[in-house]
Amino acid sequence: MPPLLKVENLKIYFHMPRGIVKAVDDVSIELNDHEIVGVAGESGSGKSTLALGIMRLIMPPGVIEGGNIYFEGQEILHMPEKRFNYEYRWKRIAMVFQGSMNGFTPVYRIRDQIREVLEVHGYSGDYDQRVNELMKMVNLDPSIADRYPHELSGGQRQRAFIAMALALDPKVLLADEPTTALDVITQTHIINLLKQLKKELGISILFITHDLALMSMLADRIYVMYAGRIVEHATTENIVKNAKHPYTKLLMEAVPDLSKEYIKGIPGSMPDLARLPPGCRFQTRCPFVMDRCKAEEPKLRRVEQNDVACWLY
């Protein structure tokens with residue numbers, strides 16, 4: 001069986017006056033049926049751009065320069081836009097955008113906005129009944145759908161947006177930072193909701209976040225992304241207990257822990273994606289940098305049970 005979703009050598013560049021920003025540069029990932037896969041990395045690493053690329057929502061000056069995306073073996077990146085929009089976008093692949101809890105139009109009730117999604121995409125059932133089903137699906141009382149967005153808490157708005165993303169029964173949900181700006185209790189509720197949706201609906205989830213602690217509670221496998229590239233990939237257990245790449249190790253050390261006297265940060269900052277250094281992109285921040293790191297860019301290779309792009313191995 002092929003992966004449910006396969007991204008192969010995807011390149012998304014932004015043509016800016018200061019140069020070409022290589023936001024996603026030759027990235028390959030896979031998502032299997034009934035699986036939750038995480039994409040981790042700090043801000044600016046290309047995670048959100050990757051998700052928007054999968055949805056084919058890259059706007060100028062961004063350009064998808066190359067690569068392929070397969071859904072159940074069908075190449076979808078290069079199919080006509082009309083067919084992709086009619087057959088795949090929202091129906092088979094849906095997305096919860098970053099900051100989506102503020103994504104509702106403030107002058108319309110939640111119910112009206114979810115009904116519009118159903119209407120535009122040709123849902124054949126009863127709209128109000130479906131809205132009520134969706135609200136229950138995300139553990140909200142159906143009466144909440146009759147309120148305006150400002151009448152809901154942040155956590156309720158986030159759940160309502162997830163309900164809207166699920167309106168057409170997609171097989172894949174792209175969740176881009178779905179817990180951002182929420183308190184820790186609400187974050188846990190959202191994580192538990194995503195687990196529940198996987199179990200009850202059989203939906204597969206690509207979960208994007210900079211928070212490895214949250215991701216370790218949810219994901220089956222994790223891709224670690226840095227400066228537009230995947231630098232490590234392994235099961236969640238191996239990432240947490242046996243990370244190989246220096247960047248992944250530093251990310252794990254930066255996770256808050258009550259047993260730590262202070263939170264350790266990663267020194268330096270990410271390179272300008274329009275002026276990338278030669279060799280390894282992490283070389284300017286890596287505590288193990290060698291001469292080879294400054295001349296040759298490492299490729300992913302298997303090290304024990306992890307795929308790692310690092311000259312240490």
Side-chain angles (χ1 to χ4, degrees), residues 4-5 31-38 51 54-55 71 87-105 108-183 185-209 214-215 217-220:
L4 180 60
L5 178 68
L31 175 65
N32 297 312
D33 209 8
H34 299 87
E35 186 180 39
I36 299 178
V37 167
I54 294 171
M55 293 295 292
F71 186 91
E87 295 184 16
Y88 288 90
R89 188 182 287 133
W90 306 120
K91 289 187 176 181
R92 300 188 190 183
I93 309 173
M95 184 170 175
V96 177
F97 297 94
Q98 188 171 352
S100 60
M101 71 176 188
N102 298 316
F104 286 109
T105 302
Y108 293 101
R109 292 181 175 88
I110 299 297
R111 181 179 300 276
D112 297 330
Q113 298 186 57
I114 299 178
R115 279 175 56 99
E116 184 179 13
V117 172
L118 297 170
E119 183 177 355
V120 167
H121 290 275
Y123 181 74
S124 58
D126 183 273
Y127 293 167
D128 285 320
Q129 182 179 340
R130 180 57 177 165
V131 173
N132 292 342
E133 290 173 357
L134 291 166
M135 299 303 280
K136 292 176 183 177
M137 201 179 291
V138 296
N139 302 324
L140 288 175
D141 190 283
S143 63
I144 288 178
D146 295 312
R147 301 180 188 176
Y148 290 93
H150 71 272
E151 297 180 297
L152 276 60
S153 69
Q156 288 174 326
R157 288 201 303 274
Q158 188 66 292
R159 287 169 182 265
F161 203 97
I162 292 173
M164 188 160 65
L166 297 173
L168 300 167
D169 282 327
K171 296 189 71 172
V172 170
L173 180 66
L174 310 181
D176 186 8
E177 302 274 11
T179 59
T180 298
L182 299 175
D183 62 82
I185 302 299
T186 308
Q187 285 182 354
T188 303
H189 289 163
I190 296 296
I191 292 297
N192 290 335
L193 171 62
L194 294 176
K195 288 181 179 178
Q196 174 189 330
L197 294 174
K198 174 196 171 185
K199 182 179 179 180
E200 295 181 358
L201 303 180
I203 195 169
S204 298
I205 300 172
L206 189 68
F207 182 70
I208 295 170
T209 184
L214 274 179
M215 186 171 287
M217 298 168 57
L218 182 67
D220 301 303

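Side-chain atoms of Q158 come within 3.5 Å of backbone N or O of P178 as a donor-acceptor pair. No side-chain donor-acceptor contact under 3.5 Å links T209 to the backbone of E177.
Screening residues 126-135 for salt bridge (charged side-chain N to carboxylate O under 4.0 Å, His left out) gives R111-D128, R115-D128, R130-E133, R130-D169 as the qualifying pairs, with residues at least two apart or on separate chains. Under the ring pair (Phe, Tyr, Trp, His ring centres under 6.0 Å) criterion, the residue pairs touching residues 154-175 are F104-F161, with sequence neighbours excluded. The salt bridge (charged side-chain N to carboxylate O under 4.0 Å, His left out) contacts involving residues 147-162 comprise nothing, where partners must be two or more places apart or lie in separate chains.
In this structure, the side chains of L166 and I203 come closer than 4.5 Å at one or more pairs of heavy atoms. For the pair I54 and L206, the minimum side-chain heavy-atom distance is below 4.5 Å. Within the 4.5 Å cutoff, no side-chain heavy atoms of L134 are placed close to those of I162. Side-chain atoms of V37 and F207, non-hydrogen and from C-beta on, never get closer than 4.5 Å to each other.
Partners of T105 under the side chain to side chain contact (heavy atoms under 4.5 Å, CB included) rule, at least two apart in sequence or in another chain, are V107, Y108, Q113. Not counting sequence neighbours, the partners of A94 by the side chain to side chain contact (heavy atoms under 4.5 Å, CB included) test are W90, A165, P170, L173. K198 is linked by a salt bridge (charged side-chain N to carboxylate O under 4.0 Å, His left out) to D220, counting only residues two or more places apart in sequence or in another chain. Listed by chain and residue number, T179, L182, V184, L214 satisfy the side chain to side chain contact (heavy atoms under 4.5 Å, CB included) test with Q187 (two or more places apart in sequence, or in another chain). Remark: Y127 pairs with no residue by the side-chain hydrogen bond (donor to acceptor under 3.5 Å, both in side chains) rule, at least two apart or across chains. In this structure N32 satisfies the side-chain hydrogen bond (donor to acceptor under 3.5 Å, both in side chains) test together with E35, sequence neighbours excluded. Evaluation of the side-chain hydrogen bond (donor to acceptor under 3.5 Å, both in side chains) rule for E116 yields no partner, not counting sequence neighbours. Residues forming a side-chain hydrogen bond (donor to acceptor under 3.5 Å, both in side chains) with S143 (at least two apart in sequence, or on another chain): D141.
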Identify every side-chain donor-acceptor pair in residues 189-197 under 3.5 Å, counting partners at least two apart or on other chains, and give the distances.
unit_1: N192; atom_1: ND2; unit_2: T188; atom_2: O; d: 3.3
unit_1: K195; atom_1: NZ; unit_2: M217; atom_2: O; d: 2.9
unit_1: Q196; atom_1: OE1; unit_2: N139; atom_2: ND2; d: 3.1

